[in-house]
Amino acid sequence: MDKIKMMTPLVEMDGDEMTRILWQMIKDDLLLPFIDLKTEYYDLGLEHRNETDDKVTVDSAEATKKYGVAVKCATITPNAARMTEYHLKEMWKSPNGTIRAILDGTVFRAPIVVKGIEPCVRNWEKPITIARHAYGDIYKNVEIKVPEAGKAELIFTAEDGTVMKETIHEFQGAGILQGVHNTDASIQSFARACFNYALDTKQDLWFGAKDTISKKYDHNFKDIFQEIYDAEYKERFEELGIEYFYSLIDDIVARVMKAKGGFIWACKNYDGDVMSDMVSSAFGSLAMMTSVLVSPTGVYEYEAAHGTVQRHYYKHLKGEETSTNSVATIFAWTGALRKRGELDNIGGLMDFADKLEKATLATIESGKMTKDLALITSLDNVTVLNSKDFIKEIRKTLEAM
């Protein structure tokens with residue numbers, strides 16, 4: 001059969017460890033036989049980021065602005081152990097954090113629902129979409145390891161020379177310091193993205209922070225959301241019969257556990273990082289959650305919501321068999337291909353993305369799946385497949401379509 005043609009390339013961001021292995025398998029078995037794939041390739045593997053002083057990450061984000069759609073493999077955010085393992089020049093920042101800051105977007109994450117995998121929170125009947133703020137906070141932090149007693153101060157110097165100063169802490173000995181920030185412009189973009197997504201999907205929007213403790217930082221988030229909602233969105237929400245409400249993050253967590261789902265949960269950056277993993281795991285597997293970064297200018301970056309599957313990678317290096325779930329990484333590709341097809345008006349590309357997703361879910365529903373799903377499925381007589389064979393079974397299902 002003739003391969004589907006593309007007009008504009010996707011920005012392809014390769015990654016690390018086991019997901020990098022799956023990335024190539026997916027391309028070889030599920031994409032290249034069917035699509036004349038056009039990508040602008042960036043290697044965001046940790047070794048190459050280190051070689052380029054992380055310039056490759058910035059370049060990939062700028063390319064995403066140029067072409068409008070990117071697909072990203074999971075990447076390592078280094079810690080002290082990784083510094084030694086990879087002989088790093090410095091402890092490079094999170095690639096996702098860097099890309100989010102450059103694109104100034106909001107991350108929407110939703111579980112991939114499949115028959116035979118029931119959520120462990122019994123009352124969750126519909127997916128819960130996490131809307132994660134994509135700028136600032138600890139992902140753009142500045143840190144100091146305090147060596148001895150001394151005084152820590154928070155200082156802001158305005159352009160006119162005016163100085164604002166607050167004492168953070170009088171240290172009596174060694175400790176640590178962290179400075180975080182955010183901007184009104186980014187919070188406003190986050191709020192509008194959430195409200196627009198709620199209108200598009202006709203879902204309620206919940207937002208939680210800790211304004212009772214963080215009376216200026218978190219309260220600013222609360223105030224900006226409310227001001228924009230009242231001025232720009234309230235009437236449209238009421239016309240659709242959907243709701244926006246704010247509460248403390250701990251109250252929102254309690255409400256989520258008792259809810260039926262089918263709503264958007266807006267979270268600050270770190271809250272969204274943590275809670276999206278909780279939601280995806282409760283719906284079945286960390287490898288069953290989509291993630292898309294949407295910028296205010298309509299730029300899209302698709303990725304899996306999980307990490308690089310380090311433990312499986314070390315087994316793979318030893319020549320041992322792994323059974324790694326590739327579903328979210330496949331859906332990152334299908335999301336990007338569908339959006340590329342939509343923007344370039346290529347119906348065949350959108351149709352292919354739909355069929356690949358259906359083939360992936362149909363393979364699982366037929367009882368053929370990776371070990372993580374086999375451990376929690378309600379289906380009987382399932383077949384546990386290794387990483388490569390699972391992708392090959394999806395290929396068979398896709399070809400039958």
Side-chain angles (χ1 to χ4, degrees), residues 96-97 100 104-111 119-121 123-141 178 180-234 237-238 240 242-283 289 291-294 305:
N96 289 345
R100 288 169 193 146
D104 186 29
T106 294
V107 179
F108 293 93
R109 290 180 169 175
C120 59
V121 180
N123 44 280
W124 286 359
E125 299 173 0
K126 300 176 182 178
I128 296 168
T129 300
I130 299 286
R132 176 184 173 188
H133 189 207
Y135 176 79
D137 300 345
I138 66 170
Y139 299 86
K140 293 288 286 183
N141 68 14
Q178 182 181 82
V180 300
H181 79 280
N182 225 293
T183 68
D184 283 5
S186 181
I187 300 168
Q188 289 160 1
S189 293
F190 173 43
R192 289 191 174 94
C194 292
F195 291 132
N196 287 333
Y197 199 79
L199 289 172
D200 289 344
T201 58
K202 298 180 176 62
Q203 295 183 90
D204 291 343
L205 175 66
W206 301 7
F207 178 46
K210 198 69 174 176
D211 64 285
T212 53
I213 302 300
S214 180
K215 298 181 186 297
K216 293 181 180 177
Y217 198 101
D218 280 28
H219 213 297
N220 198 46
F221 278 81
K222 175 186 176 181
D223 290 344
I224 286 173
F225 262 72
Q226 195 63 52
E227 288 163 6
I228 290 176
Y229 176 70
D230 289 341
E232 302 175 29
Y233 293 94
K234 186 176 181 180
F237 267 59
E238 290 174 350
L240 283 178
I242 58 175
E243 179 185 15
Y244 164 69
F245 79 90
Y246 172 89
S247 190
L248 293 175
I249 183 65
D250 37 338
D251 175 57
I252 293 287
V253 169
R255 287 172 180 254
V256 165
M257 297 307 293
K258 295 178 180 179
K260 292 184 178 181
F263 56 87
I264 302 163
W265 179 6
C267 295
K268 289 175 59 194
N269 209 341
Y270 177 75
D271 294 340
D273 193 358
V274 175
M275 295 305 173
S276 63
D277 278 7
M278 184 272 286
V279 168
S280 62
S281 181
F283 266 100
M289 195 166 203
S291 180
V292 55
L293 175 71
V294 184

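Here the structure is a predicted model, which is why all the values come from computation and not from measurement.
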- Could you please spell out the steps behind the ring pair (Phe, Tyr, Trp, His ring centres under 6.0 Å) verdict for F108 and Y197? CA-CA 9 Å; F108 293 93; Y197 199 79; 4.0 Å; yes
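Side-chain atoms of S281 never come within 3.5 Å of backbone atoms of M278 as a donor-acceptor pair (strictly under, hydrogens ignored).
For residues 252-264, the pairs satisfying salt bridge (Lys or Arg N to Asp or Glu O under 4.0 Å) are D251-R255, with sequence neighbours left out. Listed by first then second residue, pairs satisfying salt bridge (Lys or Arg N to Asp or Glu O under 4.0 Å) with a partner in residues 221-231 read D211-K222, not counting sequence neighbours.
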Sequence neighbours excluded and cut-off under 3.5 Å, please list the side-chain donor-acceptor pairs for residues 267-275, or say none.
unit_1	atom_1	unit_2	atom_2	d
K268	NZ	D218	OD1	2.6
K268	NZ	D218	OD2	3.4
N269	OD1	R132	NE	2.9
N269	OD1	R132	NH2	3.1
N269	ND2	G136	O	3.2
D273	OD2	Y139	OH	2.4

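A ring-ring contact (aromatic ring centres under 6.0 Å, His included) with Y244 is found for one member of Y233, F237, F195 and no other, namely F195.
In this structure, the side chain to side chain donor-acceptor pair (under 3.5 Å) partners of D137, at least two apart in sequence or on a different chain, are N182, Y217. Remark: T183 engages no residue in a side chain to side chain donor-acceptor pair (under 3.5 Å) (not counting sequence neighbours). In this view, K140 satisfies the side chain to side chain donor-acceptor pair (under 3.5 Å) rule with no residue, not counting sequence neighbours.
Interatomic distance, W265 CH2 to L205 CG, rounded to the nearest 0.5 Å: 12.5 Å.
K126 has its side chain out of reach of F263: every pair of non-hydrogen atoms, C-beta onward, lies at least 4.5 Å apart.
Looking at every heavy atom in both residues, A198 comes nearest to I264 through CA-CD1, 3.5 Å.
Note on ring orientation: taking the six-membered ring where Trp is involved, the planes of W206 and F245 are tilted (angle from 30° to 60°).
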